[in-house]
Amino acid sequence: MNWKTLQQNAYTPYSGNSISCIVESKTGKFFTGVRVESITYPLTIPAIQSACCICLSEGEIPAKIYLEDSDVEHLNYWVDEFEMEVLITKNPPADEHQNLFHVQEDDFKSLPKLKELLKKSVTPNSDFPVSAILFVNGGYFEGVNIEVSDWTKGLCAERVAIAKAIAAGITTFLHLDVHTKKGEVSSPCGACRQVILEHLPYHIVKLHHADGTLSEHLTVDLLPFSFKSSVLKK
C-alpha cells in the first residue's frame, strides 16, 4: 500500500487535488479517508473529516493520524478535537485496514439493520440518530450521523456511507436506505440530497420512517433544479 494508491480513490473532478489519510483508533484499528468533492464546493468532504467520521461511525475514537504531508484541510481542528498524534510518513501503515464492506445475504432485510445501526450514531448535540445503508454490487456500506464540537464538521449518515464506499474504491452504487427513530419523516437534509444526487443521479432512495411506513423516491425528484455545471470539471 502507498499514498498514490490510496489517492486514486479520492473523488476530485473539480480540483484534481487528491488527498488521502489514515486514522488509527485508540484500539489500533485503521480507517482510510479520501477527499470527496462536491460540485457545490462547500459540501466537499476533506480526507481528514472523512477518516475521523468513518472511525467514529464504527464506535472507535481517533488517536493517530497518518499523512503524506501536513498540508491538509482542517488538520488542527481534528487533531485538537481528539488530541491525535500526527505522523508524517512517506509510506502509510501497512497493517490490515478495516474492511467496511458488508456482504449482502440472500435474506437480508434493511430495516432491522438500520434500527441496529442507530446505536452507533454520535449525536451529543441533537440527540437525533440517523442510519443509512448504501447498497453496491454484492453488498453494502453502513453510515450513521456523526456530530462533533464544531457543528459544521460533522457528517450525516448518508454522506458517511458514501465516504466509506469511495475510500474503498467503489463508485458504482445501486440504491440507498435511510432511517430515523424520531421525527415525522426520515428524509435526507438538503446538503445530503445534493451529494446523493451527484453519486446516485437516477437511483432509488428508500426512506424508512419513524412511524413504520416506507416511501421510495428517485434521487432526482428529491432535489429539483439541483446545481449542475460541466464547466467546473477539470
Side-chain angles (χ1 to χ4, degrees), residues 9 11 29 31-34 36 38 43 45 50 53-60 97-123 126-147 154-223 226:
N9 292 341
Y11 178 75
K29 296 178 181 178
F31 301 92
T32 300
V34 298
V36 181
S38 169
L43 295 182
I45 304 171
S50 173
C53 287
I54 289 171
C55 175
L56 291 163
S57 77
E58 293 296 318
E60 299 285 330
H97 290 238
Q98 300 305 299
N99 181 8
L100 303 180
F101 170 80
H102 299 270
V103 176
Q104 184 178 348
E105 304 295 338
D106 291 339
D107 60 349
F108 180 81
K109 290 181 173 56
S110 60
L111 185 55
K113 172 57 69 174
L114 287 164
K115 288 183 176 180
E116 179 184 335
L117 279 175
L118 290 175
K119 300 173 185 176
K120 289 186 174 183
S121 292
V122 181
T123 58
S126 70
D127 189 29
F128 191 84
V130 182
S131 57
I133 296 177
L134 176 64
F135 290 88
V136 300
N137 288 324
Y140 59 90
F141 289 87
E142 301 171 347
V144 295
N145 54 330
I146 302 297
E147 297 174 356
L155 275 182
C156 299
E158 299 91 332
R159 283 180 280 168
V160 169
I162 290 171
K164 283 181 179 179
I166 291 176
I170 296 177
T171 57
T172 300
F173 307 141
L174 301 179
H175 64 90
L176 180 70
D177 283 25
V178 180
H179 175 58
T180 61
K181 71 176 181 180
K182 298 180 180 180
E184 293 76 18
V185 295
S186 298
S187 176
C189 69
C192 280
R193 291 183 187 211
Q194 177 67 46
V195 174
I196 290 167
L197 187 59
E198 291 181 48
H199 297 281
L200 297 90
Y202 292 94
H203 296 62
I204 292 292
V205 174
K206 297 181 180 181
L207 304 179
H208 298 263
H209 306 295
D211 64 1
T213 60
L214 169 69
S215 61
E216 298 186 10
H217 310 267
L218 274 177
T219 54
V220 71
D221 294 330
L222 289 177
L223 192 63
S226 62

To the nearest 0.5 Å, tell me how far [X] [atom1] sits from [Y] [atom2].
| X | Y | atom1 | atom2 | answer |
| --- | --- | --- | --- | --- |
| C192 | L223 | SG | CG | 11.5 Å |
| D221 | I204 | CG | CD1 | 8.5 Å |
| I162 | C156 | CD1 | SG | 10.5 Å |
| L197 | H203 | CG | NE2 | 10.5 Å |
| L155 | C53 | CG | SG | 4.0 Å |

Tell me every residue that passes ring pair (Phe, Tyr, Trp, His ring centres under 6.0 Å) with [X], counting only those two or more places apart in sequence or in another chain.
| X | answer |
| --- | --- |
| F31 | none |
| F101 | F141 |
| H102 | Y140 |

For the pair N145 (side chain) and T123 (backbone), establish whether a donor and an acceptor sit closer than 3.5 Å, ignoring hydrogens and angles. no
Side chain E147, main chain S126, donor-acceptor under 3.5 Å: yes
With sequence neighbours left out, what residues match [X] under side chain to side chain donor-acceptor pair (under 3.5 Å)?
| X | answer |
| --- | --- |
| D107 | none |
| E198 | S38, Q194 |
| H209 | S215 |

Side chain to side chain contact (heavy atoms under 4.5 Å, CB included) partners for A191, two or more places apart: L43, R159, C189
Contact summary for [X] and [Y], nearest pair of heavy atoms:
| X | Y | value |
| --- | --- | --- |
| N9 | A168 | ND2-C, 4.0 Å |
| V130 | A157 | O-CB, 3.5 Å |
| L117 | S131 | CB-CB, 3.7 Å |

Which residues pass the salt bridge (charged side-chain N to carboxylate O under 4.0 Å, His left out) test with E60, sequence neighbours left out? K29
Going through the checks in order, is the side chain to side chain contact (heavy atoms under 4.5 Å, CB included) test met by V205 and L222? CA-CA 9 Å; V205 174; L222 289 177; 4.1 Å; yes
Filter on salt bridge (charged side-chain N to carboxylate O under 4.0 Å, His left out), then keep only pairs touching residues 110-120, sequence neighbours left out; what's left? E58-K120, K113-E116, K113-E142
Please tabulate, for side-chain N and O atoms in residues 170-188, each donor-acceptor pair with protein atoms closer than 3.5 Å (sequence neighbours left out).
residue : atom : partner : partner atom : Å
H175    : ND1  : D177    : OD1          : 3.3
D177    : OD2  : S110    : OG           : 2.7
D177    : OD2  : H208    : NE2          : 3.1
H179    : ND1  : H208    : O            : 2.8
T180    : OG1  : K182    : O            : 3.0
T180    : OG1  : S186    : OG           : 2.8
K182    : NZ   : D127    : O            : 2.8
K182    : NZ   : D127    : OD2          : 2.9
S186    : OG   : T180    : N            : 3.0
S186    : OG   : H208    : O            : 2.7
S187    : OG   : R193    : NH2          : 2.5

Contact between [X] and [Y] at the side-chain level, heavy atoms closer than 4.5 Å - yes or no?
| X | Y | result |
| --- | --- | --- |
| L200 | L134 | yes |
| L114 | I133 | yes |
| V220 | Y202 | yes |

